[in-house]
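Taking it in order: structure first as structure tokens, then the write-up.
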Amino acid sequence: MLVLASCFAAYRTMFKFLPLLWASLRRHRLRTVFTLGSVMIAFLLFGVLSALKNGFSMGVDVAGADRLMITHKASFTFPLPYSYWARIRSVPGVRETTHATWFGGYFQEEANFVQTFPVDAGTYFNVYADYVVAKADIERWQADRSGALIGRAYAERFGWNVGDRIPLRSNIFRRSNGSDTWELTVAGIWDAPKAGVDTQILFMHYDYFEESLGADANGMKGFVGWYVIKIDSPDASQRISAEVDALFANSPAETKTATEKAFAQAFVGQMGNIGAIIVSVASAVFFTMLLVTANTMAQSVRERTAELGVLKTLGFRDSAVLWLVLGEALLVTVIGGVLGLALAALLVQSLRAMLAQYVGSLFIGATTIGIGVALMLGLGLISGALPAVQALKLKIVDALRQE
Amino acid sequence: MQQVLAIVAMNFRNIPARAAASWVAVLGFAGVVLVLVAVLAIGEGFNTTLKNVGADDVAIVVRGGSSDEMSSSLQPNDVSVITGAPGVLRQGGANGQPFAAAELFVTLDVPKRSTGAFANVPMRGTDVYGPQLRSKFKIESGRMLTPGKNEVVVGAGAARTFEGMELGGTMKSGNAVWEIVGIFSDGGSVTESEVWADARVLQGAFNRGATFQTVRVKLISAADFVTFRDSLTTDKRVNVSVRTEREFMAAQASVLTTMIRTAGFAIGLLMGVGAMFGALNTMYSAVATRAREIATLRALGFGPLPILVSVMTEALLLAFAGGVLGGICAYLAFNGYQTSTLNYQSFTQVTFAFAVTPALLASGIAYALMLGLVGGSLPALRAVRQPIVTGLRAT
């Protein structure tokens with residue numbers, strides 16, 4: 001109740017006295033500008049770092065719980081025999097199955113990395129049914145053995161359109177004629193099932209890829225990179241994982257089956273504590289900015305002691321004076337914060353293309369904005385607290401005497 | 001000059017009167033330097049670890065077009081052409097054994113000690129020349145592996161980072177069981193992140209037939225590299241890329257190092273601007289508090305220069321104190337901090353330590369001073385320009 005009441009008081013005071021708050025901010029225009037600047041930069045960094053963190057943890061949030069990844073037990077970089085497919089299909093509870101392989105593709109020069117998966121064209125999008133792709137595109141792709149289904153990100157980055165010929169090179173595989181180039185035709189474009197999903201994957205036909213491999217195929221002839229299965233119910237994932245792995249126990253290529261989410265998490269985990277480092281950097285930034293804002297607020301209140309005394313003489317309640325000071329701090333942090341986050345959003349737009357090859361897709365999500373707003377309010381309240389309490393306790397006589 | 005000294009000294013003596021604001025400025029600078037140095041220390045540590053192996057008289061040969069060991073593949077006849085090329089050091093004269101090791105490079109899924117999460121440990125198959133091609137290689141405990149047996153030696157970094165990698169322990173991969181017979185070091189290089197086995201045994205365990213992935217050769221001298229490279233690149237029998245170990249490792253380190261450095265500089269720059277705003281506020285209010293004092297001094301006949309110098313010195317002093325404080329914190333908190341991450345190029349884990357080098361500390365402090373210079377100059381100008389009469393009237 002008390003909290004509600006004081007929130008209401010704050011709300012009333014803020015809007016009623018907005019002109020007054022504005023006037024006090026304009027009192028030392030330069031100082032306000034600098035403080036706003038510090039706060040803005042803090043939130044700019046916060047926004048960009050959060051987007052970076054989102055980019056790194058990408059895939060974890062969007063992984064389907066009803067999809068399981070089957071990889072080689074020793075390392076997912078080792079291939080699995082193609083013959084496993086039929087046996088995996090026979091496990092009860094498995095609805096759809098498909099497979100994919102790592103191609104190591106690039107376009108023209110190695111800096112233009114193109115994440116390419118040779119996949120089974122007939123089944124892949126039964127398992128990944130949530131990927132958005134037009135029916136015409138998928139049919140055109142399935143009909144064309146040398147067809148490529150490209151992610152929206154690649155269509156934008158390289159300006160590829162349906163019908164374009166792409167000579168795609170592999171830094172791992174060689175064709176039987178010694179060449180490292182596969183000629184592909186863009187058959188369609190796929191889109192992300194939801195915002196933030198990285199669309200940097202080019203799908204080609206596994207059959208076309210495999211039949212053209214030379215004898216020295218890095219052990220890929222007759223093998224695939226990994227299997228993906230869609231199961232009837234996420235609850236059965238443990239049982240099915242165990243059953244699949246049991247099928248191939250004690251064979252030369254034992255398997256490890258895990259939910260797609262667990263797989264994505266493990267992959268992100270490989271980056272090490274990037275997330276923790278980002279959080280600690282952001283905290284250091286905030287601590288610094290908190291100090292700057294708190295200091296400015298303290299100064300500003302100290303200088304206006306007499307003025308606050310006058311307000312109290314005029315009949316302003318102690319609590320109103322408290323909220324005036326807090327309101328001023330909040331105004332600074334909210335304006336600075338909003339500007340900072342807006343700038344961050346702009347910056348992330350341009351960084352996205354630059355960093356696309358390394359960190360998936362950067363984005364500022366609703367969570368980031370939520371945390372940002374909470375931080376603005378928190379920062380304003382904490383930095384304003386000490387001077388506000390001083391103002392609250394101020395005796396009129398003392399205040400007026402101060403000069 | 002005397003005037004300058006007198007006023008600077010006086011100004012220093014009354015800094016305590018503005019202690020709170022001064023502390024804020026100092027901590028602001030410290031925060032910037034701390035973050036800048038810490039982020040750059042990651043890049044520095046990673047870079048040093050990868051470049052530590054870089055010798056000029058060792059060449060690495062991979063299949064043409066491969067940028068890393070992982071994606072390369074070489075047939076037995078490629079290997080004999082490579083090791084027979086001119087420029088390769090031979091034991092016991094021109095017809096002796098080539099000083100070269102044909103190696104395999106695979107990854108294994110092993111849980112990390114810190115999180116229990118599985119990560120890619122690089123596993124290298126080599127032969128007796130492997131250790132000799134790395135000048136700093138040393139068995140720290142246990143012994144070297146015996147060729148032909150399912151034995152491995154584990155790098156000190158890998159042993160620290162991954163579960164179960166102790167002397168006397170075993171490792172499972174596919175259906176092979178490896179006995180850990182030794183722990184090795186290699187002068188803190190990236191090699192310490194690896195697990196070594198005998199190449200022929202590894203070929204069997206991973207169905208690699210007789211293929212290898214890379215050949216590492218010792219050259220007669222660094223000057224023979226060009227001869228060696230040109231003879232292979234013009235040889236019609238093979239299609240290979242030849243680089244010195246130094247070039248190869250620099251390329252391996254480049255992506256992540258560039259990323260970390262760019263991030264470090266960008267964050268440092270932005271935070272620096274933020275801290276500079278804070279310093280500007282502090283110095284402006286310092287000048288405002290001293291308005292009457294400054295005007296009095298001017299009225300007494302002190303010139304503008306001593307005033308200017310005193311304000312600038314104060315700002316620089318605060319910046320310097322902040323820089324040193326931030327540097328010390330960064331050093332204490334992060335120097336030698338062990339971590340591991342995925343190297344994009346080889347797709348394997350590299351264990352390394354943050355390196356807070358003296359050069360990093362110096363650049364951190366220099367940056368703080370630069371910020372202090374800007375943060376002090378505008379308020380200093382205001383102090384000087386202020387009309388004496390206004391100043392004397394100030395409260």
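On a predicted model such as this, the values are computed, not experimentally measured, just so you know. What's counted below: heavy atoms across the whole structure, side chains too, no hydrogens, waters or symmetry copies.
- Both the backbone and the side chain of A:Thr35 come within contact range of chain B, judged by heavy atoms closer than 4.5 Å.
- Counting heavy atoms from C-beta outward, B:Thr211 and B:Leu74 have side chains that stay 4.5 Å or more apart.
- Neither the backbone nor the side chain of A:Asp180 comes within less than 4.5 Å of any heavy atom in chain B.
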*asked:* Is there a salt bridge (charged side-chain N to carboxylate O under 4.0 Å, His left out) between A:Glu254 and B:Lys172? Walk through the geometry before answering.
replied: CA-CA 11 Å; A:Glu254 289 190 296; B:Lys172 224 175 153 270; 3.7 Å; yes
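- Taking the charged nitrogens against the carboxylate oxygens, A:Arg169 and A:Glu109 have no contact shorter than 4.0 Å, which rules out a salt bridge.
- Contact annotation for A:Leu36: neither backbone nor side-chain heavy atoms come within less than 4.5 Å of a heavy atom of chain B.
- A donor-acceptor contact closer than 3.5 angstrom links the side chains of B:Thr351 and B:Ser193.
- Contacts of B:Phe118 with chain A are made by both backbone and side-chain atoms, with heavy-atom separations under 4.5 Å.
- Using a 4.5 Å cut-off between heavy atoms, B:Val273 contacts chain A through both its backbone and its side chain.
- Of the listed residues B:Leu280, B:Val110, B:Asn120, the one with more heavy-atom pairs under 4.5 angstrom with chain A than any other is B:Asn120.
- Salt-bridge annotation for A:Lys256 and B:Asp109: present, with a side-chain N of the basic residue lying under 4.0 Å from a carboxylate O of the acidic one.
- In summary, the side chains of A:Asp245 and A:Thr257 do present a donor paired with an acceptor at a separation below 3.5 Å, with no hydrogens or angles considered.
- Of the residues considered (B:Gly274, B:Gly31, B:Ala266, B:Gly64), B:Gly274 shows the highest number of contacts with chain A, using heavy-atom pairs under 4.5 Å.
- Contact annotation for B:Val39: only side-chain heavy atoms (C-beta onward) come within less than 4.5 Å of a heavy atom of chain A.
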